[in-house]
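Remarks on the structure that follows.
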Amino acid sequence: MKPRIAIFSLTSCEGCSLAILELENELLDLLGAVEIVNFREGMTERSWDIDVGFVDGAVSTPEDEREVTRYRACCKTLVAIGACACLGGVNTLKNRQEMESYRTYVYGERARWFPTTDARPISAVVKVDYELPGCPMNNREFLRLVKCLLAGVPFALPNYAVCVECKKAGNLCLYERGQMCLGPVTRAGCNAICPHYGSKCEACRGLLGAEALAAARLNMREIWKVDEERVLADLRLYGAYQGDGSKP
Amino acid sequence: MRNVTIDVKHVTRVEGHGNIAVRVRDGEITSLQLQIVESPRFFESFMRGRPCAEAPHIACRICGICSVGHTTAAVKAVEAACGIVPSEQTVKLRKLLFYGEQIQSHVLHVLFLAVPDYLGAGSVIPLAGSHPETVKTALRLKRLANDLCAAVGGRHIHPIAAHVGGFTHVPRAGELIELKQRLVAARTDLAAVAALYAKLPIPDFERDTEYVALKVPGNGEYAFYDGDIVSTRDPRPTPVRDYRTRVIEEVVQHSAAKHCRSPNAPSYAVGALARFNNNHAQLHPAAAKLAADLGLSAPCRNPFHNNTAQLVEIVHCVECAVEMIDALLVRGMKLEALEKPTRFGQGAGAAEVPRGVLFHEYGVDSQGRIESANLIIPTGQNLANIEEDMRAYVPSMLDAGLSREEMTLRLEMLVRAYDPCISCATHLLDVEWIE
Amino acid sequence: MPRESVLEAGPVADIGAMAASPYLPEAARVLSVRSLTAMERLFDLEFADGRALGHAPGQFVQVSLLGIGECPISICSSPTRPQRFQLCIRKAGVVTAALHALRGGDMVGIRGPLGRGFDVSELHGKDVLIVAGGLGLAPARSLIQYVIDERARFGAFHLLYGAKHPSELLFREDLHAWRDDPAVDFHMTVDRPDEGWRGRVGVVTTLFRELPPLDPQRTVVAVIGPPVMFKFVLLEVLARRIPQGRVYCSLERRMKCGVGKCGHCQANDVYVCQEGPVFTYGRLKALREAIE
Amino acid sequence: MLDAIISTRELLGRVDELLRTQRVIGPVRRDVPDATPPVRWFYEPVSSARQLDLGFAYCVYSPKQYLLPPRETLLEFHRTPDGFSARPVSDAQPTALIGVHPCDLHALVTLDRAFSHNGDDEHYQARRRRLLIVGVDCGKPCTPGVYCADMRANVADEGFDVMLQPLGAGADVERFGVRFGSPRGRAWLEAGGGCERPTAADERAADAWQERKEASFGRTLTTAHEDLPAMMARSYDSLIWEATARRCYSCGSCNLVCPTCYCFDVHDELDLSLQEGRRCREWDGCQLQDFALVAGGHNFRSKAAARLRHRLMRKSKWIGERTGGKGCVGCARCDRACTARISTVEIYNQLAEEV
Ligand SMILES: Cc1cc2nc3c(=O)[nH]c(=O)nc-3n(C[C@H](O)[C@H](O)[C@H](O)COP(=O)(O)OP(=O)(O)OC[C@H]3O[C@@H](n4cnc5c(N)ncnc54)[C@H](O)[C@@H]3O)c2cc1C
Ligand code: SF4
Ligand code: SF4
Ligand code: SF4
């Protein structure tokens with residue numbers, strides 16, 4: 001029996017769902033190995049009898065909360081894909097402003113028509129079996145997870161920093177180009193794609209661990225003589241660090 | 001006299017979440033709404049306070065499918081606000097990146113989302129079984145477009161190397177040469193797609209509509225990256241910085257995306273067909289020929305032909321990408337330092353993204369941080385027009401005696417023809433409502 | 001070089017076959033699988049081409065399930081029984097869990113024997129004391145079987161075995177046989193008894209009281225078990241004035257290649273997969289990372 | 001003593017000749033406008049000898065990647081219901097490495113020894129056998145912070161097929177003094193007929209060049225090279241390890257850029273069919289958190305301090321003792337790669353102060 005797969009979206013740009021479609025070379029093989037039974041971006045027909053559900057997007061409205069609860073109930077395995085679903089994503093930037101202020105800035109006095117809550121990763125609402133962070137998620141990593149599920153072996157994210165992949169890719173370190181790259185504190189798995197293209201890592205795959213963060217605080221102050229708060233602000237871009245302990 | 005209620009929850013095969021709700025009593029439409037149930041996302045709010053150089057980076061997260069478009073519009077707006085003039089190489093690379101996204105998005109839309117309707121497949125997934133060659137062709141074209149975006153921008157979804165002031169990476173000559181060969185080879189694939197498309201039964205529906213697009217002054221290129229605002233009802237060019245005189249936004253309750261009207265009409269359309277109607281004379285000859293072959297001529301008022309215009313634009317972009325690569329190879333590429341801001345202030349930028357003209361406007365404070373933001377997204381601009389189309393289309397379908405299922409499918413197809421990236425459409429701002 | 005090949009871990013282009021590789025496993029057939037406890041299973045294996053493994057007691061093999069991975073496992077049978085070889089595998093992670101799903105007739109990949117085991121010629125003619133704790137009985141068993149099979153070559157043979165709980169006792173049939181074998185001075189204990197347990201209770205060091213006085217001039221000792229056990233057993237052994245060069249221990253480390261290249265098994269300057277896993281205490285005590 | 005003299009033009013001609021039959025890798029200059037200085041060099045495949053910049057300062061990465069690639073396939077396998085078949089594979093292709101400084105030549109010798117010590121690693125050796133190595137002497141410290149002279153690695157007598165010594169000063173070197181390290185190297189270079197016999201004046205120029213070079217290297221390491229292993233052995237329990245490790249991200253950059261680091265990880269990849277697959281190895285690093293982690297959760301070096309010590313012990317003592325090659329060639333790539341600016345040589349000097 002092919003596993004029955006679903007792909008859902010909450011508050012997001014749906015880039016992660018799209019990233020699945022961007023597996024052009026493997027897409028037909030993938031469709032041969034699994035049965036996609038529910039994927040709004042790609043198909044009309046849908047079913048709720050699901051082995052593995054992939055969810056992109058953060059939970060940021062009461063409606064999202066109901067939806068994700070339903071996904072959990074319908075899926076034997078639930079996988080959060082992308083920075084939004086795993087960390088809250090760029091959506092969490094709004095959490096740092098007064099709700100009234102950010103709502104009325106966009107919708108004026110009619111803001112009450114559009115209920116909203118703080119943006120949260122889906123693990124804040126339901127149990128999640130696997131997470132594929134990244135903005136967008138790395139579709140090669142998605143494929144690796146699918147293969148692990150098919151082969152029945154556990155899947156684990158790399159437990160080392162983006163710098164490792166950055167070196168393997170042969171990039172010139174951005175510190176040599178005057179940028180405070182977040183690669184040293186960020187979990188690898190993206191093949192250091194941002195430094196590879198000359199841009200600093202912005203931690204969209206989440207923080208690696210408390211020790212690296214502590215080292216970063218020390219180094220930013222003592223070695224690079226920059227404001228550590230500035231660095232932490234960068235860590236907030238994709239919700240990697242909320243600063244309130246919700247999800248370091 | 002018929003009573004019909006159509007309630008399509010979550011129009012599938014469009015990015016984002018949209019519902020269609022139509023009520024017909026005794027042959028009269030009593031209510032008709034395209035509801036956007038997507039979560040409101042508040043980009044304009046939470047971009048405030050972030051460094052303006054991050055604007056393209058954050059804004060592209062509005063929509064994964066047109067993130068190159070958002071990046072470009074944001075880059076242009078911030079550059080306008082900061083007095084930055086990008087280098088010639090930068091502009092060329094941006095245009096090349098843009099062609100990649102245009103091809104990628106149109107291929108996805110025409111071949112993955114729209115064509116299955118016409119071929120009676122529920123989605124591209126059964127299509128892979130029934131029309132494997134078509135799907136393989138589509139995948140090949142999409143891969144090519146992605147690789148083009150990746151070579152220039154690092155990746156297609158949320159490009160990396162495109163920044164305010166320039167690029168942090170330049171493609172290698174070898175990469176571009178290889179891409180050019182693939183683009184040239186894609187002509188064969190496109191001919192096959194065109195042959196397939198020519199056989200599709202495009203519904204016969206017209207409604208007089210104002211089509212708004214950018215246009216490059218003089219006999220410039222077909223507008224994607226640059227241009228002034230024009231429309232089929234008012235061809236006088238308006239500079240992008242005065243976009244508010246041509247685009248008026250409204251919050252409506254049934255949609256987290258705001259609706260737009262123009263000074264000339266309660267609704268208007270943007271997108272491939274709008275570009276075609278305003279810019280057809282600037283198409284690449286190969287694209288113009290395809291338009292003629294497919295019977296597409298300006299002005300075309302059938303919204304279903306948006307797909308036809310997209311196909312024409314794919315050919316245009318493939319040819320222009322080949323020429324752009326040649327131009328880049330001839331002048332040679334080198335890594336340039338990013339241009340630095342010369343001032344901070346207010347700036348607007350626009351680009352013709354796959355779904356139509358996209359406006360970004362930012363106010364940047366003296367610290368270089370974003371102080372105010374306004375984003376007007378193509379789908380938001382089209383929403384009112386889609387509703388108007390449906391209002392006109394439903395009675396004609398009732399007259400023709402179509403079944404409810406048939407009408408539902410046609411309405412979904414109509415929505416899909418506009419290629420609504422509904423998730424994008426929810427980040428609109430009308431500054432008039434700020435206290 | 002296309003950049004893609006660095007960024008995407010796809011298949012390498014233009015790849016060609018090679019004649020040899022130290023990483024190529026040989027096919028071996030699983031003859032039978034038996035559950036020893038809830039966590040450990042005993043695998044009987046033979047090479048597809050029928051050849052003997054040709055190992056020394058204390059050596060290990062790399063066991064492969066292609067597509068899943070590879071991991072080091074001690075050989076728990078003696079080279080004196082060469083038709084087949086046995087592995088006792090605890091379910092501990094990815095590869096071992098997949099190995100537990102195998103049944104008789106399945107194939108695995110084997111590289112080895114690897115590492116340095118016991119130099120049995122050094123042991124010939126000596127009194128032998130083996131102290132095994134927990135899963136340490138698995139590697140120890142290759143030596144135990146050897147001593148039993150070559151009994152005439154050795155002096156006295158003492159065997160001490162400790163497990164945490166009766167349910168964790170390995171090789172029950174062997175335990176009975178050893179207990180009944182007059183040529184083996186066998187004692188065992190558990191840390192925590194259950195209702196049915198009639199034997200001794202206490203950590204393995206308490207069994208030293210059962211031993212006759214050891215002759216430091218002619219005794220060799222092998223201590224195989226979890227790191228915590230080492231130190232306490234060593235104290236007992238050294239207190240009996242056994243020379244450090246005649247006390248053997250077996251180390252466990254992470255291993256990837258098994259042939260002294262990948263670096264994972266290094267304990268200070270020593271590559272455990274090559275210089276070990278069996279070390280004399282004399283060597284081991286210089287390895288700060290091995291005893292800390 | 002020089003074996004020959006060759007002009008730049010002839011040399012490049014010989015390289016272009018190689019390009020007809022094999023891959024040529026060498027230092028290629030890249031402009032990086034936002035870096036200081038705004039230029040870097042990388043070992044890269046070239047399509048014409050003119051792309052080589054033999055007057056390069058240093059390459060950001062060592063040539064290690066061409067012998068031990070960051071990722072490589074060791075085996076291809078096929079799984080069947082009743083077993084598997086597997087075959088070792090290699091992407092080794094004839095390659096010429098043109099323009100290797102003495103430090104990197106020493107490092108290649110270390111790798112050669114590591115991958116032949118106690119048994120050959122065929123995957124490495126297959127590449128090594130197909131590699132022609134042309135060294136080029138550096139003339140002066142390539143960048144501040146290097147301590148190759150302290151490590152006795154700024155002059156190379158082995159590890160090359162051909163060694164080139166630029167004669168004359170300035171950027172546009174027109175002639176190179178040549179030493180041959182192998183018959184293969186000699187055969188290649190002499191085949192073009194462009195090699196000249198060195199004159200006495202050439203020999204004098206070469207010696208003078210060599211003297212200038214030696215004089216230009218200062219000393220950074222306070223411990224003599226031969227005393228370093230012993231000094232390190234005494235420093236096992238220093239507080240410096242823990243203090244320095246507080247700044248360490250455990251990002252492994254130092255390992256990965258080091259020309260003499262060769263640890264690796266092995267993992268399997270499967271196709272979606274779950275039938276075809278590959279066993280691959282990738283660079284690993286002893287500074288990474290999980291390097292010594294075993295099933296069940298025990299980590300034999302869980303603390304960053306222990307890992308830092310392990311790396312430096314390997315560099316200064318253990319690799320040398322094990323392989324006979326140099327564990328460190330003083331190229332300072334690790335120091336440059338460290339975004340916490342932890343400096344190996346600074347640690348050695350701090351430790352030396354203590355003991
Ligand atoms: C010399 C030696 C002999 C051993 N003998 C036995 C034995 O007889 N019976 C038994 O059950 N176990 C034995 N082990 C332990 C066994 O190797 C691990 O339990 C096993 O590697 C776990 O692999 P895994 O893939 O299931 O676990 P995971 O945690 O998924 O490990 C992934 C990979 O990490 C490495 N790894 C993890 N743990 C260890 C470890 N302890 N030692 C070496 N590499 C590790 C392996 O390469 C493994 O494939 C021995 C280990 C060594 C070093
Ligand atoms: S660029 Fe960033 S990720 Fe790459 S090595 Fe430097 S710090 Fe690490
Ligand atoms: S480099 Fe950093 S920001 Fe870029 S994809 Fe990787 S984790 Fe995300
Ligand atoms: S340890 Fe550092 S200085 Fe020494 S060889 Fe390695 S990278 Fe170069």
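Below, chains carry the letters A, B, ... as their sequence lines are ordered, and counting in each starts from 1.
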Answer with side chain, backbone, both or neither: which region of [X] has an atom nearer than 4.5 Å to a non-hydrogen atom of chain C?
| X | value |
| --- | --- |
| D/S116 | backbone |
| D/H267 | neither |
| D/L293 | both |
| D/Y262 | both |
| D/D271 | neither |
| D/A86 | both |
| D/N299 | neither |
| D/E321 | side chain |

I want to know whether [X] and [Y] have ring centres closer than 6.0 Å.
| X | Y | result |
| --- | --- | --- |
| D/H117 | D/F115 | no |
| C/H55 | C/F60 | no |
| C/F85 | C/F47 | yes |

*Which is it for D/T73 and D/R278 under the side-chain hydrogen bond (donor to acceptor under 3.5 Å, both in side chains) test, yes or no, and what are the steps along the way?*
CA-CA 6 Å; D/T73 302; D/R278 291 160 297 282; 5.0 Å; no

Exercise: identify the closest heavy-atom pair between [X] and [Y]:
| X | Y | result |
| --- | --- | --- |
| D/K64 | D/L256 | NZ-O, 3.3 Å |
| D/A337 | D/V257 | CB-CG2, 3.7 Å |
| C/M18 | D/A126 | CE-CB, 4.3 Å |

I'd like to know which of [options] tops the heavy-atom pair count under 4.5 Å against chain D.
| options | value |
| --- | --- |
| C/G67, C/A48, C/G109 | C/G67 |
| C/R90, C/Q266, C/M255 | C/Q266 |
| C/A20, C/G93, C/A92 | C/A20 |
| C/M107, C/E70, C/H264, C/Q274 | C/H264 |
| C/G263, C/C265, C/G105 | C/G263 |

*Roughly how far apart are D/Q65 CD and D/R71 CZ, rounded to 0.5 Å?*
13.0 Å

*In Å, rounded to the nearest 0.5 Å, how long is the span from CG of D/D120 to CD of D/Q125?*
4.5 Å

Tell me which of these, [options], has more heavy-atom pairs under 4.5 Å with chain C than the rest.
| options | answer |
| --- | --- |
| D/H298, D/H78, D/Q275, D/R322 | D/R322 |
| D/D121, D/T80, D/L74 | D/D121 |
| D/E276, D/R301, D/K317 | D/R301 |

*When the ring planes of C/H100 and C/F43 are compared, do they come out parallel, tilted or perpendicular, using 30° and 60° as the limits?*
tilted

Report which part of [X] has an atom under 4.5 Å of a heavy atom belonging to chain D: side chain, backbone, both, or neither.
| X | result |
| --- | --- |
| C/E275 | side chain |
| C/V108 | backbone |
| C/E252 | backbone |
| C/I68 | both |

_My understanding is that only one of D/Q287, D/Q289, D/R307 makes a side chain to side chain donor-acceptor pair (under 3.5 Å) with D/S250; could you say which?_
D/R307

*Between D/D284 and C/K256, is the closest basic N to carboxylate O distance under 4.0 Å?*
no

